[in-house]
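Letters A, B, ... mirror the listed sequences (proteins, then strands); counts begin at 1.
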Protein chains: 2
Amino acid sequence: MRSKIDDVPDQCAVEFAMEILGGRWKLAILKQLTAGTLRFGELRRTLPGVTQRMLTRQLRELEEDGLVSRTVYAEVPPRVEYALTEVGHSLDAITEELDKWGHWYRERVRGGAARAAGEEPG
Amino acid sequence: MRSKIDDVPDQCAVEFAMEILGGRWKLAILKQLTAGTLRFGELRRTLPGVTQRMLTRQLRELEEDGLVSRTVYAEVPPRVEYALTEVGHSLDAITEELDKWGHWYRERVRGGAARAAGEEPG
DNA sequence: CAGAATCCTGTACGATACTG
DNA sequence: CAGTATCGTACAGGATTCTG
């Protein structure tokens with residue numbers, strides 16, 4: 001999913017953004033970390049669907065892209081903490097809105113899709 | 001990518017949102033349509049990377065999810081217009097911010113990642 | 001506890017060709 | 001023009017096991 005867009009002109013920055021934020025868990029991870037630092041296990045517990053493998057991989061990619069920082073403590077048992085970098089925090093508003101939208105949309109479809117609109121998520 | 005989350009509790013709405021908006025082109029498509037109605041070919045031209053097949057599929061899914069409306073005109077040559085529904089428009093702010101972020105991030109990585117932050121995208 | 005290693009599968013996505 | 005129909009592949013994502 002990375003480094004496919006290089007020569008693409010300016011046109012669609014959303015496309016480019018999705019190269020970074022694509023993947024099923026990325027934005028969810030970022031959302032969880034907006035609240036603050038989390039250990040690997042904690043993060044895992046907040047995302048019931050994700051496996052360790054996927055969580056590890058996505059975190060590594062987010063780290064590579066400079067959105068997440070990874071701090072390893074030389075202790076036993078091991079402790080690894082993840083936090084948003086400054087760049088990562090630049091997405092706080094978006095993940096927040098996405099969360100609200102997801103909530104709103106879920107209620108909307110659960111409650112019957114064809115009811116009168118009027119209450120927007122944002 | 002659809003209908004995997006059913007029994008998942010309220011916890012992570014971002015995860016749920018990505019079930020709807022996941023896929024490489026969904027959000028880019030939605031962004032393009034914020035400006036207004038577009039024909040299939042027009043839409044295709046604004047997204048240089050996408051194939052007809054993928055564009056068709058993603059549009060169908062967006063239609064199923066009630067984010068996009070599809071209008072077929074009984075003409076020859078055929079004309080099909082796509083537009084955001086009201087629900088689709090509820091994502092305008094998000095796609096807009098995502099676009100700005102993508103732009104900002106791209107400049108950031110292009111210009112050298114380690115420069116002093118301070119100018120946020122939003 | 002936080003992972004690395006290994007193996008496996010579904011499907012997202014793509015290229016090409018054909019059609020009303 | 002706006003699709004469908006086929007065929008094919010890469011990789012996202014998962015299950016399980018092993019380790020410092």
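- Screening residues 75-84 of chain A for side chain to side chain donor-acceptor pair (under 3.5 Å), with sequence neighbours left out, gives A/Arg70-A/Tyr82, A/Tyr73-A/Glu81, A/Glu75-A/Arg79, A/Arg79-A/Glu81.
- Note on A/Tyr82: every side-chain N or O is 4.0 Å or more away from OP1 and OP2 of C/dC1.
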Step-by-step salt bridge (Lys or Arg N to Asp or Glu O under 4.0 Å) determination, B/Glu97 to B/Lys100: CA-CA 5 Å; B/Glu97 281 188 65; B/Lys100 285 197 298 186; over 6 Å; no
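- Less than 4.0 Å separates DNA chain D from at least one heavy atom of each of the following residues of residues 50-57 of chain B: B/Gln52, B/Arg53, B/Thr56.
- Within residues 67-80 of chain A, the residues approached by DNA chain C to less than 4.0 Å at the level of any non-hydrogen atom are A/Arg70, A/Pro77, A/Pro78, A/Val80, in residue-number order.
- Counting to the nearest Å, the P atom of C/dC13 and the CE atom of A/Met18 are 10 Å from each other.
- Of all the heavy atoms in A/Leu98 and B/Leu21, the pair that sits closest is CD1-CD1, 4.0 Å.
- At a threshold of 4.5 Å between non-hydrogen side-chain atoms, the residues B/Lys26 and B/Glu61 count as touching.
- Terminal axes of the helix from C/dC1-D/dG20 to C/dG20-D/dC1 (five pairs each, C1' rotation axis) are separated by 50°, to the nearest 10°.
- A search for salt bridge (charged side-chain N to carboxylate O under 4.0 Å, His left out) contacts involving B/Glu42 returns nothing, not counting sequence neighbours.
- Take the nearest nucleotide of DNA chain C for A/Phe40 and for B/Gly49: the residue whose nucleotide is more 5' is A/Phe40.
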Tabulate below the donor-acceptor pairs under 3.5 Å that side-chain atoms of residues 50-59 of chain B make, not counting sequence neighbours, or state none.
residue, atom, partner, partner atom, Å
B/Thr51, OG1, B/Met54, N, 3.3
B/Thr56, OG1, B/Gln52, O, 2.8

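- B/Trp101 meets the side chain to side chain donor-acceptor pair (under 3.5 Å) test with A/Ser90; sequence neighbours excluded.
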A/Arg24/B/Glu15 under salt bridge (Lys or Arg N to Asp or Glu O under 4.0 Å): CA gap, chis, key distance, verdict: CA-CA 7 Å; A/Arg24 195 165 162 188; B/Glu15 218 173 310; 6.0 Å; no
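- Nearest-nucleotide positions on DNA chain D for A/Trp25 and B/Arg39 put B/Arg39 closer to the 5' end.
- By the salt bridge (charged side-chain N to carboxylate O under 4.0 Å, His left out) test, A/Glu96 pairs with no residue at all, sequence neighbours left out.
- Minimum heavy-atom separation, A/Ala17 to B/Gly102: CB-CA, 4.0 Å.
- Listed by first and then second residue, the salt bridge (Lys or Arg N to Asp or Glu O under 4.0 Å) pairs involving residues 30-40 of chain A are A/Lys31-A/Asp99 (not counting sequence neighbours).
- The shortest distance between the side-chain N/O atoms of B/Arg60 and the OP1/OP2 oxygens of D/dG3 is below 4.0 Å.
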